[in-house]
Amino acid sequence: MPGPSPGLRRALLGLWAALGLGLFGLSAVSQEPFWADLQPRVAFVERGGSLWLNCSTNCPRPERGGLETSLRRNGTQRGLRWLARQLVDIREPETQPVCFFRCARRTLQARGLIRTFQRPDRVELMQLPPWQPVGENFTLSCRVPGAGPRASLTLTLLRGAQELIRRSFAGEPPRARGAVLTATVLARREDHGANFSCRAELDLRPHGLGLFENSSAPRELRTFSLSPDSPRLTTPRFLEVGSERPVSCTLDRLFPATEARVYLALGDQNLSPDVTLDGDALVATATATASAEQEGARQLVCNVTLGGENRETRENVTIYSFPAPLLTLSEPSISEGHMVTVTCAAGAQALVTLEGVAAAAPGQPVQLQLNATENDDRRSFFCNATLDVDGETLIKNRSAELRVLYAPRLDDSDCPRSWTWPEGPEQTLRCEARGNPEPSVHCARSDGGAVLALGLLGPVTRALSGTYRCKAANDQGEAVKDVTLTVEYAPALDSVGCPERITWVEGTEASLVCVAHGVPPPDVSCERSGELGVFLEGLLLVAPEHAGTYRCEATNARGSAAKNVIITVEYGPRFEEPNCPSNWTWVEGSGRLFSCEVDGKPQPSVECVGSGGATEGVLLPLAPPDPSPRVPSIPSDLAPGTYICNATNRHGSAAKTVIVSAESPPEMDESTCPSHQTWLEGAEAAALACAARGRPSPGVHCSREGTPWPEQQRVSREDAGTYHCVATNAHGTDSRTVTVGVEYRPVVAELAASPPGGVRPGGNFTLTCRAEAWPPAQISWRAPPGALNIGLSSNNSTLSVAGAMGSHGGEYECAATNAHGRHARRITVRVAGPWLWVAVGGAAGGAALLAAGAGLAFYVQSTACKKGEYNVQEAESSGEAVCLNGAGGGAGGAAGAEGGPEAAGGAAESPTEGEVFAIQLTSA
């Protein structure tokens, strides 16, 4: 074991000499009545504070006196036997000022004790893992740098308001500062979303001061549990091109199910499933659509991701193309006596069968020829196709009907040539014809008079008497037959001789003629209803006032008959501006149609057709003139321009030019204003990609929670959030909510060692690396060459060593990487053992050892550290000290004075370069 250095040897010799002189002086002073006094003898001062010390003596005429201390001085006041001095910026944990006076050739001394304290202003709870598996342990680590003295500190780790562990550091050395509390906690389901925090209490009430408390910012824990089983897929085995089939993916026993992400895809096609949650289970459903490009064997993939882990299942799906067979007739409708060819065909792999006759080979058609006859009319032909797909036979079929056209046929059995009926009994008049297309049969008098109501049961009246020509016709020809109907009848007014409604045209000549049939011939007169004595007789020049209802009465010797005749006067169309404006604006989505009402009888039909440009030949939808239950369809788009409106009835037409303009309210959707946009931190700032459709062109304004869009040069993380975009024009507004996410490069925010003290051979230590990045960074480590048995956590954020050896000492590097860059930091770990053992027996030896320790501390502190060579610090519970020199000396010294044990001992962070020297002082 190497001996002490020459400097340390000289310090020990000096301490022994000082101890001897002190004992000799103490015996001499005890014989004198004079003394020196220092007030206050013991003082507690907040770190960085100030204190007045009063040094006095009862010596009548002291030769000289003073106050020895390494602390900074601000002011001094003197008297003959006293001295007062203000000490400022007191930072050392403990110092002993000395008051001395020279009296009667002897030195009078009084020693004081000044201790500093620092409040727990910084309480830091180390970062929790992004996701923690349920049932596994995680580490809570609380760090309170600089607070002290440590012996008065108490640290408490809390889950919400529940205390998990509480530790007091009573018994620690007075100079010790700062503290670290670490606990291992088992993650539970109920811990998901729970807040963990650390509370620090500095109790200085025993020293006449107060209780100082502070707590860390809470950190939220997210726990998860993911079943080891794979998802269950429900999918069809076969999928035809162009068809749609539902697929589903189910996974149980996952928590929290709301945080799970599901990817469902058929080949390269993402199916965008709908996810339904039921407790700790999820079901993702989607519709799979097969395309021709996917034909063949494809895989349906379901991937469920939670807490950085995933479960996946794959199923094979065969996509096939099987169009229905094609059944064609050379002439679907053919005239009798012509040849017809029937062809049945399908795809290249399908085998077809026509009317029971199979094709010679798959992919070949089958044909059938026949001479069409009347008996082939409405004959059905059937074509079947079969296809083998992956061991299964699929069948499709199609049918077609042949229509044979032939001319009408009027047979006597279906249409007799003569009828004789008595007046009164009900009869059904029948005259039927055969033919294709179905013939229309019309029986009317040769003179163009009465028409027989064929196929209807009705009474036989005198009006039916006469000879009728029955004509059956279709597009293949016609058949004619004369039919005679004889009826004996009483006098009557019928609709043929005296119609119920008569229409006249304005400006023409007309007369009211009402012919009554009867024997003998009846006399007929027509009188205007409600106006007695006003008869309508002779030839008239028709005017609108002639319209009305007239009572016509026919009289003969057999009786009389009367009926009302309504006369309608018709006239051509007339446009009026209020009812059909020349200029009209259509607003999209308003539900309004152009209204163009035209006067005329009968009611004119109105049609507005585009003239020139984009509207050429385009019909303008019109509003109905009267309310009706059948509302015309509202157009979704309408071309503006010039339209010519034509009003027409049987008496003429009129035209008018209408100018139509089209406008629409604002409309924003995913294509014009995406709801999710991503920016990169540090990129040039740009406005949101948000536009709107509409006429007139809408103005778009975007703001963040009511705040206008900021003018800035570069994107920052503070730009992430939710924005509200509003589009406005004269016809309304539309709005969308846009979520902006900001990604940024990684930064290793923290690289710390635990325990922070020195690492002895065989001991354990842990390095923790925390990075800030989005998307989250991947963590990697670089260890010293030859370092073995190194363990890493699941996310690589923690490096641990059990049973440290000399090869584990050296520099470790943590690197964080994501898509936007890489950042690394380094830390140095030292592994060393004790080298100095001192054993002293007896009471005198104990006193000497104490004096030697005090002298050594004073020497190292006041001499070595003042020269900038070393920075001596207490290590937690070990008595170890480290002095940093070279490039890291200044930073190490400051950290030792401010940071307490977490900066001491066996680990020192080395972000750039420089040498590190260490001294290990270990008591037995």
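All values below come from the heavy atoms of this structure, side chains included, with hydrogens, waters and symmetry mates left out.
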Visitor: Roughly how far, to the nearest 0.5 Å, is the CD atom of Q162 from the CG atom of L157?
Guide: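 Here the interatomic distance stands at 12.0 Å.
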Visitor: Assess whether a salt bridge exists between R159 and D191, defined as any Lys/Arg side-chain N lying under 4.0 Å from an Asp/Glu carboxylate O.
Guide: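 Yes.
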Visitor: Counting C-beta onward and ignoring hydrogens, is there a side-chain heavy-atom pair between F238 and V317 closer than 4.5 Å?
Guide: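 A side-chain contact is absent here, since even the closest heavy-atom pair is not under 4.5 Å.
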Visitor: Output yes when a side-chain donor or acceptor of H823 lies under 3.5 Å from a complementary backbone atom of V748, and no otherwise.
Guide: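 Yes, H823 side chain to V748 backbone: donor-acceptor pair under 3.5 Å.
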Visitor: Indicate yes or no for a side-chain donor-acceptor contact from Q269 to the backbone of A288 under 3.5 Å, with no hydrogens or angles considered.
Guide: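 Side chain of Q269 to backbone of A288, a donor-acceptor pair under 3.5 Å: no, none is there.
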Visitor: List the atom of C673, the atom of V738, and the distance in Å for their closest heavy-atom pair.
Guide: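 In terms of heavy atoms, the two residues are closest at SG-CG2, 3.7 Å.
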Visitor: What do the steps show when you test F224 against H192 for ring pair (Phe, Tyr, Trp, His ring centres under 6.0 Å), and what is the final call?
Guide: CA-CA 7 Å; F224 77 98; H192 181 68; 9.5 Å; no
Visitor: Check this for me: Q778, atom CD, are more than 12 non-hydrogen atoms of other residues, nucleotides or ligands nearer than 6.0 Å?
Guide: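 No, CD of Q778 has 12 or fewer neighbouring heavy atoms, counting only those of other groups under 6.0 Å.
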Visitor: What pair of heavy atoms forms the shortest contact from P746 to G821, and how long is it?
Guide: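 Between these two residues, the closest heavy atoms are CG-O, 3.3 Å.
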Visitor: Less than 4.5 Å apart, any side-chain heavy atom of R760 and any of V831?
Guide: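 Contact flag for R760/V831 side chains = no.
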Visitor: If we only count heavy atoms from C-beta on, is the T722 to R704 side-chain gap below 4.5 Å?
Guide: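 A side-chain contact under 4.5 Å is absent here.
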Visitor: Would you find a donor on one side and an acceptor on the other, under 3.5 Å apart, between the side chain of T223 and the backbone of R188?
Guide: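 Confirmed, T223 side chain pairs with R188 backbone.
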Visitor: Apply side chain to side chain contact (heavy atoms under 4.5 Å, CB included) to residues R143 and M126 and explain how you reach the verdict.
Guide: CA-CA 8 Å; R143 177 175 176 264; M126 298 299 102; 4.0 Å; yes
Visitor: Do you know which of T250, D252, T313 makes side chain to side chain donor-acceptor pair (under 3.5 Å) with R232?
Guide: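 In the set T250, D252, T313, the residue that makes a side chain to side chain donor-acceptor pair (under 3.5 Å) with R232 is D252.
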Visitor: SG-SG distance between C725 and C702 under 2.5 Å?
Guide: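 In this structure, C725 and C702 share a disulfide.
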Visitor: Under the 3.5 angstrom rule, does the side chain of S754 hit a backbone N or O of P756 as a donor-acceptor pair?
Guide: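 Judged by distance alone, no pair lies under 3.5 Å.
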Visitor: Mind listing the closest non-hydrogen atom pair of R745 and N818 along with its distance?
Guide: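 Of all heavy-atom pairs spanning R745 and N818, the closest is CA-OD1, 4.1 Å.
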Visitor: Any heavy-atom pair between the side chains of R115 and P174 that's under 4.5 Å?
Guide: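 Counting from C-beta outward, P174 and R115 do come under 4.5 Å.
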Visitor: If you measure only the distance, is there a donor-acceptor pair under 3.5 Å linking the side chains of T305 and N303?
Guide: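 Checked: T305/N303 side chains pair up, N/O donor to acceptor below 3.5 Å.
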Visitor: Could you tell me whether R199 and E201 have a side-chain N and a carboxylate O separated by less than 4.0 Å?
Guide: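 Looking at E201 together with R199, the answer is yes, because their closest N to O distance falls below 4.0 Å.
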Visitor: Has R219 got its NZ or CZ under 6.0 Å from the middle of the six-membered ring of F196, at an angle within 45 degrees of the ring axis?
Guide: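 Output no; distance or angle outside limits.
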Visitor: Is a side-chain N or O of D734 found less than 3.5 angstrom from the main chain of M668, in a donor-acceptor match?
Guide: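 Answer holds: yes.
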Visitor: Determine whether a donor-acceptor pair (N or O, by modelled atom type, separation under 3.5 Å) exists between the side chain of S216 and the backbone of C198.
Guide: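 Indeed, once roles are kept as given, a pair shorter than 3.5 Å links the two residues.
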Visitor: Flag the pair E670 and R736 as a salt bridge only when some basic side-chain nitrogen lies within less than 4.0 angstrom of an acidic carboxylate oxygen.
Guide: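 Salt bridge flag = yes for R736 with E670.
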Visitor: For a side-chain hydrogen bond (donor to acceptor under 3.5 Å, both in side chains) check, start with the C-alpha distance between R47 and T116, then their side-chain angles and the critical distance, and finish with the verdict.
Guide: CA-CA 5 Å; R47 186 175 185 274; T116 61; 5.7 Å; no
Visitor: Quick one: CG on L233 to CG on L300, what's the gap to the nearest 0.5 Å?
Guide: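 Separation between the atoms: 5.0 Å.
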Visitor: Nearest heavy-atom pair of G279 and A257: which atoms, and what distance?
Guide: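 Shortest heavy-atom separation between G279 and A257 comes out as O-CB, 3.7 Å.
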Visitor: Flag the pair E46 and R119 as a salt bridge only when some basic side-chain nitrogen lies within less than 4.0 angstrom of an acidic carboxylate oxygen.
Guide: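 Here E46 pairs with R119 in a salt bridge, since their nearest N and O are under 4.0 Å apart.
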Visitor: Using side chain to side chain contact (heavy atoms under 4.5 Å, CB included), reason through V304 and Y263 one step at a time and then give a plain yes or no.
Guide: CA-CA 6 Å; V304 180; Y263 173 76; over 6 Å; no
Visitor: Which distance, rounded to the nearest 0.5 Å, do you find between the CG of L271 and the CG of L266?
Guide: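 Going from CG on L271 over to CG on L266, the span is 6.0 Å.
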Visitor: Would you call F212 and L204 a side-chain contact if the rule is heavy atoms closer than 4.5 Å?
Guide: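 SC-SC contact between F212 and L204 confirmed.
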Visitor: Report yes if some heavy atom in the side chain of P149 is under 4.5 Å from a heavy atom in the side chain of E172; otherwise report no.
Guide: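 Sidechains of E172 and P149: no contact.
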Visitor: Quick one: do R298 and D268 make a salt bridge, cutoff under 4.0 Å?
Guide: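 Answer for the salt bridge query: no.
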Visitor: Could you report the tightest heavy-atom contact between A179 and R150, atom names first, then the distance?
Guide: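 The pair with the smallest heavy-atom distance is CB-CG, 4.2 Å.
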Visitor: Is a side-chain donor or acceptor of R714 paired with a backbone partner of G682 at a separation under 3.5 angstrom?
Guide: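 Flag set: sc R714 to bb G682 pair under 3.5 Å.
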Visitor: For residues L181 and V144, determine if any side-chain heavy atom of one lies less than 4.5 Å from a side-chain heavy atom of the other.
Guide: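 Of all side-chain heavy-atom pairs linking V144 with L181, none is under 4.5 Å.
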Visitor: Are side-chain heavy atoms of V247 and P236 found at a separation under 4.5 Å?
Guide: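 Sidechains of P236 and V247: in contact.
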Visitor: Is R782 positioned over the aromatic face of Y812, cation under 6.0 angstrom from the ring centre and no more than 45 degrees off axis?
Guide: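 Here R782 fails the 6.0 Å and 45° test against Y812.
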Visitor: Using 30° and 60° as the class limits, which term best fits the ring planes of Y723 and W679: parallel, tilted or perpendicular?
Guide: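 Rings of Y723 and W679: tilted, 30 to 60°.
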